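Here's the structure, in structure tokens; my notes come after.
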Amino acid sequence: MDHFTYKDGRLHAEDIDLDAVANAVGTPFYCYSVRTLQRHYRVFKAAFEGLDNLVCYAVKANSNQAVLKVLADAGAGADVVSIGELKRALKAGIAPSKIVFAGVGKTTEEMQAAIEAGICQFNVESEPELNVLSEVAVSMGQVAPVSVRVNPDVDAKTHAKISTGNAENKFGISWGQVPGIYARIAALPGVEAVGVDMHIGSQLTDLEPLKLAFTKLVGLVKQLRSDGHDIRNIDLGGGLGIPYDPAEETPPSPNAYGALVREQLAGIDARIILEPGRLIAGNAGVLVSKVVYIKEGDARRFVILDAAMNDLMRPAMYGAYHAIVPLKEPVGDTPSWVADYVGPVCESSDTFAEQRLGHALVSGDLVALKSAGAYSAVMANSYNSRALVPEVMVMGNKFTVIRPREEVDAIIAKDIVPDWL
Ligand code: LLP
């Protein structure tokens, strides 16, 4: 459930008319709802009540300081994948003891910063990484807590570009190599095994692959414990999907996921770490855009928006669905107007929706692309020299710009023309 609803015929974010925000900041802009972020965190956390658990929000989904502060205040930890995300999480007030560090290519600089901060654990993805981490920790007179990210080789049945648990993916340590890696940890002076970790993919809409992976994981934990390793943390990663298209997708609820975890991990005495990203932030944001032109082609009708693939990459990159709704509530008849929704960027992939059924729009109308709170603003770029759009946060009847619109001149000013040219 989110807090983007029509009130008096206008789309609101909580109690704020999005039209008013458009008047204040111009279009396009992202808008996030605090109450929705809080609600999603609360519902997810409640699904694990009674279990020893730590919810580490996947910062990569939306790393704005204001968003992180909302989640830090709600009690969330953080799953980070770079020194930048580590700094963001710490700056937002997330306790280092609630931070896990993932990623296949951690650098020594990143390892040092995370050891210095005193994070909960490194999720290690290869033996070379383990060796370097041990060296770095030893040089600092420390022992780094590690969990090994294991690759269970299950098909997550999600988009290939966000599937991570197959043997063909770059992520995690192959199943057969896992016992050897833990033996290596025991032999190295600068690392200490504290748990195991897995993450099989994102936008999962079916619990079956997770069930399969958890069954394998439980067997592994038992084996590692009998080998003498102190497995205290079981990190199950993120991945629970959200209904981008409620008519087509019915992802499992947090409660169903919580029940699966309880059932599969029953009797395993460990702290469960969870890394939800999309589930928390996805439906807590929208991208508001203006219709620049309606172009009636021979084969298709195009709604040309002032937002483009650089602002929201998901449709171009994954063929992702985002609902598109007008800010002015449509009245009367059922939708019968079919159009492609595109941006102004010079690529055919700059298409948000093809042959989408909706209500007729005219130039100047405002629309909201929904479910744009996760993997949206964070993935934006300045292709076609388009400035990054502002982000706005709403709570109740208050709104604030939490990241201003970038200036085109500031982008150009970053370029350096060599004095020898
Ligand atoms: N933990 C790890 C180790 C991850 O790699 C990810 C996401 C998460 C947690 C959070 O997963 P979530 O709960 O959000 O599904 N840009 C893509 C999604 C990439 C996900 C990368 N990893 C998209 O827009 O769909």
Side-chain angles (χ1 to χ4, degrees), residues 37 40-41 43-45 47 54-63 67 71 76-82 85 89 99-106 120-125 147-152 156-166 169-173 195-207 209-210 213 233-245 249 251-252 254 257 272-285 287 309 311-322 352 369-381:
L37 287 167
H40 290 169
Y41 177 77
V43 168
F44 189 81
K45 183 78 181 167
L54 173 62
V55 175
C56 295
Y57 166 68
V59 169
K60 63 174 81 67
N62 186 323
S63 56
V67 170
L71 296 169
D79 156 39
V80 304
V81 293
S82 68
E85 287 191 356
I99 297 179
V100 298
F101 199 134
V104 295
K106 300 176 199 80
C120 167
Q121 68 181 30
F122 288 87
N123 290 339
V124 168
E125 303 232 14
S147 282
V148 173
R149 177 164 175 186
V150 297
N151 186 328
K157 297 194 195 131
T158 184
H159 192 282
K161 285 187 181 155
I162 51 175
S163 183
T164 52
N166 289 114
N169 297 128
K170 69 178 175 183
F171 299 99
I173 301 249
V196 289
D197 165 52
M198 72 162 53
H199 170 82
I200 63 169
S202 197
Q203 184 55 14
L204 308 183
T205 50
D206 181 1
L207 286 180
L210 287 166
N233 295 337
I234 301 184
D235 186 336
L236 300 175
L240 212 54
I242 61 169
Y244 283 98
D245 181 358
E249 288 160 315
Y257 181 55
I272 309 297
I273 299 179
L274 302 139
E275 303 172 350
R278 191 188 317 266
L279 185 99
I280 306 288
N283 282 335
L287 172 63
M309 65 187 286
D311 304 309
L312 175 63
M313 288 182 72
R314 301 194 69 260
M317 202 160 164
Y318 316 110
Y321 180 98
H322 285 265
F352 292 120
L369 289 92
K370 298 192 80 180
S371 312
Y375 306 114
S376 298
V378 280
M379 290 174 68
N381 58 71

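The shown structure was predicted, so the numbers you read here are calculated from the model rather than taken from an experiment. Counting starts at 1 for both ligands and their atoms, following the listed order.
In this structure, Lys60 pairs ionically with Asp79, as a charged nitrogen and a carboxylate oxygen lie closer than 4.0 Å.
Leu236 contributes atom CG, which lies 5.5 Å from atom CG of Leu274 (distance to the nearest 0.5 angstrom).
When atom types are taken as modelled, the side chain of Tyr375 and the backbone of Met313 share no donor-acceptor pair closer than 3.5 angstrom.
Closest approach of Gln121 to Asp235, counting heavy atoms only: NE2-OD2, 3.7 Å.
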Are there any N/O pairs under 3.5 Å between ligand 1 and the protein, and if so, what are their distances?
{"residue": "ligand 1", "atom": "1 (N)", "partner": "Asp79", "partner atom": "OD2", "Å": "3.3"}
{"residue": "ligand 1", "atom": "1 (N)", "partner": "Glu275", "partner atom": "OE1", "Å": "2.6"}
{"residue": "ligand 1", "atom": "13 (O)", "partner": "Gly239", "partner atom": "N", "Å": "2.8"}
{"residue": "ligand 1", "atom": "13 (O)", "partner": "Gly277", "partner atom": "N", "Å": "2.9"}
{"residue": "ligand 1", "atom": "14 (O)", "partner": "Arg278", "partner atom": "N", "Å": "2.7"}
{"residue": "ligand 1", "atom": "14 (O)", "partner": "Tyr375", "partner atom": "OH", "Å": "2.6"}
{"residue": "ligand 1", "atom": "15 (O)", "partner": "Ser202", "partner atom": "OG", "Å": "2.4"}
{"residue": "ligand 1", "atom": "15 (O)", "partner": "Gly239", "partner atom": "N", "Å": "3.3"}
{"residue": "ligand 1", "atom": "16 (N)", "partner": "Tyr318", "partner atom": "OH", "Å": "2.7"}
{"residue": "ligand 1", "atom": "24 (O)", "partner": "Arg314", "partner atom": "NE", "Å": "2.6"}
{"residue": "ligand 1", "atom": "25 (O)", "partner": "Arg278", "partner atom": "NH1", "Å": "3.0"}
{"residue": "ligand 1", "atom": "25 (O)", "partner": "Arg278", "partner atom": "NH2", "Å": "2.9"}
{"residue": "ligand 1", "atom": "25 (O)", "partner": "Arg314", "partner atom": "NE", "Å": "3.4"}
{"residue": "ligand 1", "atom": "25 (O)", "partner": "Arg314", "partner atom": "NH2", "Å": "3.0"}

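Arg278 meets the salt bridge (charged side-chain N to carboxylate O under 4.0 Å, His left out) test with no other residue; sequence neighbours excluded.
Between Phe101 and Phe122, the ring planes lie parallel to each other; the angle is under 30°, not in the 30° to 60° tilted range.
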